**Q** 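Please read through the structure below; I'll follow up with questions.
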Amino acid sequence: LTSSDGKPKNLVNSTLEKLTYAELSERHKEYTQKGDKEMVLKYAERMVKMCDDPTDLADLTLQVGDLYFDKGWLTEAE
């Protein structure tokens with residue numbers, strides 16, 4: 001299995017583990033601009049785990065919920 005950018009999914013996940021919050025945020029913005037919802041979701045989920053700003057956390061949580069809803073994952077979107 002590969003991600004939408006052609007990288008094996010396990011490499012994407014291991015890369016996410018190594019990035020700082022600032023690096024995650026920059027890549028999250030890039031994927032958002034490209035419209036790659038799958039990668040935006042992966043980065044947003046990781047950012048939620050690392051976020052210490054309440055406002056950013058609220059925005060990310062809403063974005064993750066919206067993306068789950070878009071994918072039809074209604075239980076996760078709640």
Side-chain angles (χ1 to χ4, degrees):
L1 291 173
T2 59
S3 67
S4 57
D5 63 359
K7 293 182 180 178
K9 286 194 177 203
N10 60 346
L11 291 179
V12 171
N13 290 335
S14 66
T15 299
L16 290 174
E17 297 289 324
K18 297 176 184 175
L19 296 176
T20 65
Y21 186 84
E23 292 168 326
L24 288 168
S25 180
E26 184 62 32
R27 291 189 184 180
H28 176 263
K29 288 177 190 173
E30 290 172 12
Y31 285 116
T32 299
Q33 291 172 349
K34 291 179 183 178
D36 187 340
K37 290 183 178 184
E38 187 72 28
M39 292 303 291
V40 170
L41 179 59
K42 284 191 173 294
Y43 279 85
E45 287 173 328
R46 179 68 179 148
M47 290 169 67
V48 164
K49 294 177 184 177
M50 298 175 70
C51 188
D52 58 4
D53 180 270
T55 303
D56 288 346
L57 183 58
D59 291 341
L60 286 167
T61 303
L62 285 172
Q63 184 180 43
V64 168
D66 288 344
L67 290 166
Y68 283 159
F69 184 82
D70 289 348
K71 292 177 77 63
W73 298 349
L74 302 180
T75 303
E76 289 88 345
E78 292 179 351

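Because the structure is predicted, anything quoted here is derived from the model rather than measured.
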**Q** Count I, L, V, M, F, W, Y as connected when their side-chain heavy atoms are under 4.5 Å apart, and connections chain through other members. Are L16 and V48 then in the same cluster?
**A**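 Per the 4.5 Å side-chain linkage, L16 and V48 are co-clustered.
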**Q** For residues E38 and K71, determine if any side-chain heavy atom of one lies less than 4.5 Å from a side-chain heavy atom of the other.
**A**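 Yes - at least one pair of side-chain heavy atoms lies under 4.5 Å apart.
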**Q** Would E30 and M39 count as a side chain to side chain contact (heavy atoms under 4.5 Å, CB included) if you check the C-alpha gap in whole Å, the side-chain angles of each, and the deciding distance to 0.1 Å?
**A** CA-CA 10 Å; E30 290 172 12; M39 292 303 291; over 6 Å; no
**Q** To the nearest 0.5 Å, how far apart are OG in S25 and CG in L60?
**A** 8.0 Å
**Q** For T20 and M50, which heavy atoms make the closest approach, and how far apart are they?
**A**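 T20 and M50 have their closest heavy atoms at C-CE, 4.1 Å.
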**Q** Counting N and O atoms only, with roles assigned by atom type, does the side chain of T61 sit under 3.5 Å from a partner on the main chain of L57, one being a donor and the other an acceptor?
**A** yes
**Q** Hydrogens and angles aside, do Q63 and H28 bring a side-chain donor and acceptor to less than 3.5 Å of each other?
**A**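 Per modelled atom types, Q63 and H28 side chains form a pair under 3.5 Å.
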**Q** Counting C-beta onward and ignoring hydrogens, is there a side-chain heavy-atom pair between Y43 and L19 closer than 4.5 Å?
**A** yes
**Q** Are any of the side-chain nitrogens in K18 or E23 under 4.0 Å away from the carboxylate oxygens of its partner?
**A**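 Salt bridge: no.
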**Q** Could you tell me which non-hydrogen atom of L41 sits nearest to which non-hydrogen atom of V64, and how far apart they are?
**A**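 Heavy atoms only, the tightest pair is CD1-CG1, 4.0 Å.
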**Q** Looking only at side chains, do Y68 and E45 share a donor and an acceptor under 3.5 Å apart?
**A**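 Yes, because at least one side-chain N or O of Y68 sits under 3.5 Å from a partner of the opposite role on E45.
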**Q** Can you measure from CZ (R27) to CG (D36) and round to the nearest 0.5 angstrom?
**A** 13.5 Å
